K.L.:
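Pasting a structure here, questions to come.
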Amino acid sequence: MVNGGYGTPIVFKNLFFCLNSFDSIAAYNKNNGKYLFNRKFDDRIRSSMNVIDGYIWFSHTSHLIALDENGKIIHDFHVPNAFLYGTVSKYQDELIIIGTKYIQDENTSNKFIWAIDKKNGNKLFEVNLGVGSIISTDTSGFWLQKGYIYMLLIMIKSLRYLLKMAKLYGKEKSMETSIVIL
C-alpha cells in the first residue's frame with residue numbers, strides 16, 4: 001500500500017478502508033489486518049471517505065461515488081464542469097459536497113457548495129462562493145453544525161483566512177452566505 005494522500009481512513013462494518021496510491025481505495029479486515037481488495041479509479045481521489053446510509057461516499061474529479069462494502073460502485077454521479085474535493089456529508093436527505101467549477105463566460109474557476117439527491121444524483125441547489133483556486137488544504141472540506149455549513153478557505157494571493165458560513169433554509173433549499181475575515 002502506498003500513501004493515498006488526501007483522505008482519511010474509515011471503519012465500516014468489519015472492514016477498514018484507506019486511500020492507496022492516490023487513485024485507489026484498499027480494504028482490509030479490521031480484526032486481523034488481512035488485505036481484501038483494492039478498487040482503482042481513473043483519477044486521483046481528493047476527498048475523505050464517509051459512511052452515509054450504508055455506503056462509502058467520496059469524490060474524485062467531477063464524480064460523487066458510493067461503494068458498498070465489497071467495493072462495488074452503487075452510485076456514480078457526475079457534476080458537470082466541476083472538480084470535487086473535501087468532505088462528503090449528509091444534511092437531511094441530501095448530500096453536501098464542495099469543489100470548484102469553471103465558469104466559461106467569466107473564464108474563472110469558482111468555489112461551490114452543492115446539494116445532491118443521494119438517490120438519483122440530481123442537483124438540488126448550488127451556491128457560488130466566488131473565485132478561488134484549489135490548494136491542498138481545501139481537501140479538509142467543511143463541517144455541519146446546527147443547520148450551518150462552515151468552510152475554511154485559504155486564499156493564496158491575500159493569505160487571509162476566510163470563514164464562509166451558509167445557513168440552510170428548510171425545504172426551499174436556498175442558502176445565505178456571509179464572509180468573516182479572521
Side-chain angles (χ1 to χ4, degrees), residues 4-8 10 17 19 21-25 39-53 55-67 73-144 148-157 161-169 172-179:
Y6 295 100
T8 54
I10 60 167
F17 292 87
L19 297 182
S21 300
F22 298 104
D23 62 356
S24 302
I25 294 177
R39 179 74 165 134
K40 185 170 173 44
F41 295 88
D42 294 332
D43 300 294
R44 190 174 195 168
I45 299 168
R46 292 189 61 126
S47 76
S48 294
M49 294 173 281
N50 201 354
V51 177
I52 299 172
D53 296 336
Y55 297 120
I56 301 162
W57 289 90
F58 65 96
S59 64
H60 75 89
T61 58
S62 61
H63 294 267
L64 179 61
I65 306 289
L67 298 179
I73 296 175
I74 303 301
H75 297 294
D76 182 350
F77 302 141
H78 176 66
V79 180
N81 300 316
F83 181 81
L84 306 176
Y85 54 85
T87 305
V88 177
S89 289
K90 178 182 169 184
Y91 179 77
Q92 296 176 352
D93 283 329
E94 57 242 10
L95 298 171
I96 307 294
I97 55 174
I98 61 173
T100 61
K101 183 168 123 177
Y102 178 68
I103 310 298
Q104 188 169 4
D105 294 344
E106 300 172 12
N107 194 29
T108 62
S109 181
N110 291 16
K111 291 184 182 277
F112 278 82
I113 295 176
W114 290 274
I116 305 293
D117 185 315
K118 68 180 173 154
K119 295 177 188 124
N120 57 28
N122 289 339
K123 178 178 65 174
L124 301 171
F125 68 85
E126 67 181 22
V127 175
N128 186 337
L129 299 173
V131 175
S133 57
I134 302 165
I135 56 175
S136 62
T137 56
D138 289 337
T139 60
S140 60
F142 62 92
W143 65 98
L144 301 171
Y148 285 88
I149 297 173
Y150 294 91
M151 182 180 189
L152 185 64
L153 304 174
I154 301 174
M155 307 304 284
I156 297 172
K157 291 180 183 176
Y161 291 88
L162 302 177
L163 182 64
K164 297 201 175 207
M165 301 181 308
K167 180 163 180 157
L168 297 174
Y169 286 100
E172 293 85 6
K173 305 286 188 262
S174 64
M175 298 179 92
E176 173 183 303
T177 60
S178 61
I179 299 173

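Just the heavy atoms: all of them, side chains too, but no hydrogens, waters or symmetry mates, feed the values below. Note that this is a predicted model, so its numbers are computed, not measured.
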K.L.:
How about Ile74 and Leu67: do any of their side-chain heavy atoms sit closer than 4.5 Å?
P.N.:
no

K.L.:
Restricting to pairs with a member in residues 112-125, which pass salt bridge (Lys or Arg N to Asp or Glu O under 4.0 Å), not counting sequence neighbours?
P.N.:
Asp53-Lys118, Lys123-Glu126

K.L.:
When rounded to the nearest 0.5 angstrom, what distance separates CG in Leu124 from CD in Glu94?
P.N.:
5.5 Å

K.L.:
Does the side chain of Ser89 reach to within under 4.5 Å of the side chain of Asn50, using non-hydrogen atoms?
P.N.:
yes

K.L.:
Just do the side-chain contact (heavy atoms from CB on, under 4.5 Å) check on Trp114 and Lys101 with the steps written out, would you?
P.N.:
CA-CA 11 Å; Trp114 290 274; Lys101 183 168 123 177; 4.0 Å; yes

K.L.:
Say you draw a straight line from CG of Leu84 to CD1 of Ile45; how long is it, rounded to the nearest 0.5 Å?
P.N.:
12.5 Å

K.L.:
Counting only heavy atoms from other residues, nucleotides and ligands, does the tally under 6.0 Å from CD of Glu106 exceed 12?
P.N.:
yes

K.L.:
From the options Thr108, Asn81, Val131, select the one residue that forms a side-chain contact (heavy atoms from CB on, under 4.5 Å) with Ile103.
P.N.:
Thr108

K.L.:
Rounded to the nearest 0.5 Å, what separates atom CG in Asn128 from atom CD1 in Ile113?
P.N.:
10.5 Å

K.L.:
Does Asp42 offer a backbone N or O that forms a donor-acceptor pair with the side chain of Asp23 under 3.5 Å?
P.N.:
no

K.L.:
Please report, to 0.1 Å, the donor-acceptor pairs under 3.5 Å made by any side chain of residues 55-65, with sequence neighbours excluded.
P.N.:
{"residue": "Trp57", "atom": "NE1", "partner": "Ile52", "partner atom": "O", "Å": "3.4"}
{"residue": "Ser62", "atom": "OG", "partner": "His78", "partner atom": "ND1", "Å": "2.9"}
{"residue": "His63", "atom": "ND1", "partner": "Asp76", "partner atom": "OD1", "Å": "2.7"}

K.L.:
Let me confirm one number: the CD1-NE2 distance from Ile116 to His75, rounded to the nearest 0.5 Å.
P.N.:
12.5 Å

K.L.:
Would you say the side chain of Val79 lies within less than 4.5 Å of the side chain of Phe77, judging by non-hydrogen atoms?
P.N.:
no

K.L.:
Does some side-chain heavy atom of Leu129 sit less than 4.5 Å from a side-chain heavy atom of Phe112?
P.N.:
no

K.L.:
Considering only heavy atoms from C-beta outward, does the side chain of Arg39 approach that of Ile73 to under 4.5 Å?
P.N.:
yes

K.L.:
Find the distance between CD1 (Ile10) and OG (Ser48) and round it off to the nearest 0.5 Å.
P.N.:
9.5 Å

K.L.:
On the six-membered ring of Tyr85, is Arg46 placed so that its NZ or CZ lies under 6.0 angstrom from the centre and within 45° of the ring axis?
P.N.:
no

K.L.:
Between the side chains of Asn110 and Tyr102, does any donor sit under 3.5 Å from an acceptor?
P.N.:
no

